[in-house]
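Here's the structure, in structure tokens; my notes come after.
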Amino acid sequence: MATRYPRESGTPLPCWSKLSVETRKHLAGQTPYRLQKIMYACDVGDVPADAFAADIAAADHRLCKLLEAEPAARLYFGTWTFAKVAHDPDPMRAAEAEYYLCDALIEYGNQRYGWVWNKSFPVLDHTLYGRYENQPTGTPAPETFPAPETAYALAPSIASEIRWTTRTVATTECFTELDRDYYLRKAALLDRIALLDNPLLSGGDSTETALAAALMLLDSDRPHIAAHLADRAEKDPRGYVRHQYAERAGCACDDAGEDGCFTRPDPGQ
């Protein structure tokens, strides 16, 4: 199947059937590594099968939305899907799907969004970038952000924090800039609400809202934090919120509502 879209190089992508048998076998032996490299924006190591399946499903959902919103994309992607690469039991068919899908992702991303890994390119989830990166032998694993149950172990209850953020905004004069602590606590609150929905899902309004609040905090903090921390935060903005919340001096409760102030070990309570 020949591609019908213009490519940046000016040369058409060779048809899969025109590739040598040796080349096709080589690509089939690597599938789905090339697609994973694009999805996670790094040289990947071991990717857990269940996590990869969830990321594939989410990517196809975003691809479907793109095809609906941008008819021009249909010329690039046709009927190729992430699932055809990841789940086809025939390795040669999976490799063929990967061959065409990866080229479409690169070409459409570069031509319409400036770069395949531009954060505005809706098919790829930029929060996955760098995940499952292959670590050379002898390289220590990168430091991770604290888990939610650790970061929020002593946090005021969600209901208490909702009351606090609402009251803070309501009692602040117009055009008065709120301090960083407000944005940190708000981002942490939205992160905890998103965790209540379903911590395994990568989509949904609460997740998107939590990510937006995390990115806002990160953008504000970026000029004042070390480069290595900024790089980690870029890959996991909500993890950065948990890191900053865990380091916050004190976890005072500002609202002694009926539900009390502090959580149990479950960070969502």
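For clarity, every value in this text was computed on a predicted model and none was experimentally measured.
Heavy-atom neighbours of His61 NE2 from other residues, nucleotides or ligands within 6.0 Å: at or below the threshold of 12. Shown here is Asp179, whose CG atom has more than 12 heavy atoms of other residues, nucleotides or ligands within 6.0 Å. A 6.0 Å sphere centred on CE of Met216 holds no more than 12 heavy atoms belonging to other residues, nucleotides or ligands.
Note on Ile193: it does not cluster hydrophobically with Leu211, by side-chain heavy-atom contacts below 4.5 Å among ILVMFWY residues. No path of Ile, Leu, Val, Met, Phe, Trp and Tyr side chains, each step under 4.5 Å between heavy atoms, connects Leu215 with Leu190, placing them in separate hydrophobic clusters.
Contact check for Arg112 versus Phe121: no side-chain heavy atoms found under the 4.5 Å cut-off. Tyr100 places a side-chain heavy atom less than 4.5 Å from the side chain of Cys15. Within the 4.5 Å cutoff, side-chain heavy atoms of Tyr40 are placed close to those of Phe52. With contacts defined as side-chain heavy-atom distances shorter than 4.5 Å, the pair Met39/Ile56 qualifies. When side chains are defined from C-beta on, Arg242 counts as touching Pro148, because their heavy atoms get closer than 4.5 Å. Residues Tyr99 and Thr31 form no side-chain contact, since every pair of their non-hydrogen atoms from C-beta on lies 4.5 Å or further apart. No side-chain heavy atom of Arg232 sits less than 4.5 Å from a side-chain heavy atom of Asp236. Put simply, the side chain of Cys102 does not reach to within 4.5 Å of the side chain of Trp80, judged on heavy atoms.
Under a 3.5 Å cut-off, the side chain of Arg24 and the backbone N or O of Leu19 do form a donor-acceptor pair. In this structure, Thr165 contributes its side chain and Glu161 its backbone to a donor-acceptor pair below 3.5 Å.
The minimum heavy-atom distance between Ala155 and Arg192, with the atom names listed, is CB-NH1, 3.7 Å. The minimum heavy-atom distance between Val85 and Ala94, with the atom names listed, is O-CB, 3.5 Å. Tyr132 and Ala51 get closest at one heavy-atom pair: OH-CB, 3.2 Å. In this structure, Glu98 and Leu27 approach most closely via the heavy-atom pair OE1-O, 4.4 Å. Nearest heavy atoms, Ala151 versus Pro146: CB-CG, 4.3 Å. Among all heavy-atom pairs drawn from Phe82 and Leu124, the shortest one is CZ-CD2, 4.5 Å.
Side-chain contact of Ser20 with Thr23: a donor-acceptor pair under 3.5 Å is present, judged by distance alone.
Residues that satisfy the side chain to side chain contact (heavy atoms under 4.5 Å, CB included) test with Trp115, not counting sequence neighbours, are Asn110, Trp117, Asn118.
The ring pair (Phe, Tyr, Trp, His ring centres under 6.0 Å) test with Tyr245 singles out one residue from Tyr240, Tyr183, Tyr152, and that residue is Tyr152.
Annotation: the span from Arg163 atom CZ to Thr168 atom OG1 amounts to 12.5 Å, rounded to 0.5 Å. For the atom pair Leu35 CG and Leu101 CG, the distance stands at 5.5 Å (nearest 0.5 Å). With values rounded to the nearest 0.5 angstrom, Glu149 atom CD is found 9.0 Å from Leu195 atom CG. Rounding to the nearest 0.5 angstrom, the gap separating the SG atom in Cys42 from the NZ atom in Lys37 is 9.0 Å. Atom CZ of Arg93 is separated from atom CH2 of Trp16 by 12.5 Å, given to the nearest 0.5 angstrom. Atom OG1 of Thr209 sits about 12.0 Å away from atom CG of Asp191, to the nearest 0.5 Å.
Taking the six-membered ring where the residue is Trp, Tyr76 and Tyr108 present perpendicular rings, their angle passing 60° and hence far from 30°.
Among pairs with a residue in residues 67-87, none fulfils salt bridge (charged side-chain N to carboxylate O under 4.0 Å, His left out), at least two apart in sequence or across chains.
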message: Evaluate Lys186 against Leu178 for side chain to side chain contact (heavy atoms under 4.5 Å, CB included), listing each step before the verdict.
response: CA-CA 11 Å; Lys186 180 181 177 181; Leu178 294 165; over 6 Å; no
task: Walk me through it: do Asp125 and Arg62 pass the test side chain to side chain contact (heavy atoms under 4.5 Å, CB included)?
output: CA-CA 9 Å; Asp125 178 1; Arg62 291 190 294 270; 3.5 Å; yes
- request: Verify side chain to side chain contact (heavy atoms under 4.5 Å, CB included) between Phe77 and Leu105, making sure each step is shown before the conclusion.
  value: CA-CA 8 Å; Phe77 293 96; Leu105 286 168; 3.7 Å; yes
Test side chain to side chain contact (heavy atoms under 4.5 Å, CB included) applied to Lys65 and Val123, step by step: CA-CA 9 Å; Lys65 285 191 171 183; Val123 181; over 6 Å; no
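The pair Asp55-Arg131 does not count as a salt bridge, with every side-chain nitrogen at least 4.0 angstrom from each carboxylate oxygen.
The hydrophobic cluster containing Val21, built from Ile/Leu/Val/Met/Phe/Trp/Tyr side-chain heavy atoms closer than 4.5 Å, comprises no other residue.
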